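Okay, structure first, notes after.
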Amino acid sequence: MTRFKQGLEPPELREGTAIPPVVKSINQKMIALYAEASGDFNPIHIDETFAKSTPLGGTIAHGMLILSYISEMMAAAFGRAWLTTGGLSVRFKAPARPGDTITTTGKIKSIERQDGVTHIRCSVESCNQAKEVVISGITTVTTINHGALSE
Amino acid sequence: MQDKDSATPPLEWEHLISGYEFPPVSYEMGVSTVSQYLNAVGREKMWGASPLSKFAPPMAITALAMTAMTELFKMPDGAVHTAEELEFHKAVPVGTKLTSHAKVGRKLDRGKFHMAVIELNITDEENETVITGKASIVLTNQKMEAE
């Protein structure tokens, strides 16, 4: 589960540490809510008739909705540092569909400490219930004070 | 949502060229906007109870910047988002007015393959950059594989 108040503390802050995952079940109502909130009314997301006429065969969630789960995971783990120094580079590999359960995971791949600043690089991934990768990529975050990451 | 000239018709995909700069668009990360976003992504209670609650989620800021851009440019139906790069430079308190500067970083139309990379630079009221990013968008005449 997400841990906004704690974040990853220095003892956990080492290469290979898994970031607490975020699990979300997707439904059409959530996609519609996201369309309203973001203003992205692309019919591939909200128009079942249109979406069925495409090779995708039905509506899909907004990529930015699924990407928000990666940001949620990183914010939970790294607190304000994510908001001020976070970075991500991802590719959308497969669509997320209504009915899918998306599990977003991450792992610390490298940590570089220099002059009181800690640079952290993570691999991140969102997969559906069939373990198909929906999004994959890397995230980065920089902290100060020997990696004290909590808010 | 924005300060753009409402008389300007949105651009079509074929009008975009590499290097084209969209007019800047301003929008506010107000309480209701942030709340609506958090509700949509299922985080309203979590974020509201966290130490980060006075800030707007960076993905909300980015999503609204993309939307602001698409009000200037008619995204073809079925356009898909294939990649995203983002860097967060500054936490944005709820209520901040932001300005999104978008530019076509790259555009390629080859046969049925059409892609563009949109570069974003989002600044706050002090004209400081809060988020930069690149979004890759592909059109395949509805022969889409993924978003």
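Every value quoted in this text rests on a predicted model; they were computed, and no experiment measured them. Each chain gets a letter, A, B and so on, in the order the sequences are listed, and its residues count up from 1.
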Discussion item. Please verify the inter-ring angle class for A:Phe92 with B:His81; under 30° counts as parallel, over 60° as perpendicular, anything in between as tilted.
Written reply: tilted

Worksheet item: In terms of heavy-atom proximity below 4.5 Å to chain B, should A:Tyr69 be classed as side chain, backbone, both, or neither?
Response: side chain

Item to complete: Would you mind checking which part of A:Lys29 comes under 4.5 Å of any heavy atom in chain B, side chain (CB onward), backbone (N, CA, C, O), both or neither?
Response: neither

Fill in: Side-chain touch A:Ser68/B:Tyr37, heavy atoms, less than 4.5 angstrom
yes

Worksheet entry | Heavy-atom check, side chain of B:Thr62 versus side chain of A:Met64, under 4.5 Å | yes

Worksheet item: Pick from B:Met59, B:Glu84, B:Gln36: which one has the most heavy-atom pairs with chain A under 4.5 Å?
Response: B:Glu84

Discussion item. Testing the basics here: between A:Leu83 and B:Phe88, what is the closest heavy-atom pair and its distance to 0.1 Å?
Written reply: O-CB, 3.4 Å

Worksheet item: B:Ala63 and A:Tyr34: which non-hydrogen atoms are nearest, and at how many Å?
Response: CB-OH, 3.5 Å

Item to complete: Between chain B and each of A:Val90, A:Thr85, A:Thr140, A:Ile135, count heavy-atom pairs under 4.5 Å; write down the option with the most.
Response: A:Val90

Worksheet entry | Result of checking A:Leu33, A:Ile66, A:Leu65 against B:Val41 for side chain to side chain contact (heavy atoms under 4.5 Å, CB included) | A:Leu65

Nearest 0.5 angstrom please: [X] [atom1] to [Y] [atom2], how far?
{"X": "B:Leu52", "Y": "A:Arg80", "atom1": "CG", "atom2": "CZ", "answer": "9.0 Å"}
{"X": "B:Asn39", "Y": "A:Met30", "atom1": "CG", "atom2": "CE", "answer": "10.0 Å"}
{"X": "A:Leu88", "Y": "B:Leu86", "atom1": "CG", "atom2": "CG", "answer": "4.5 Å"}

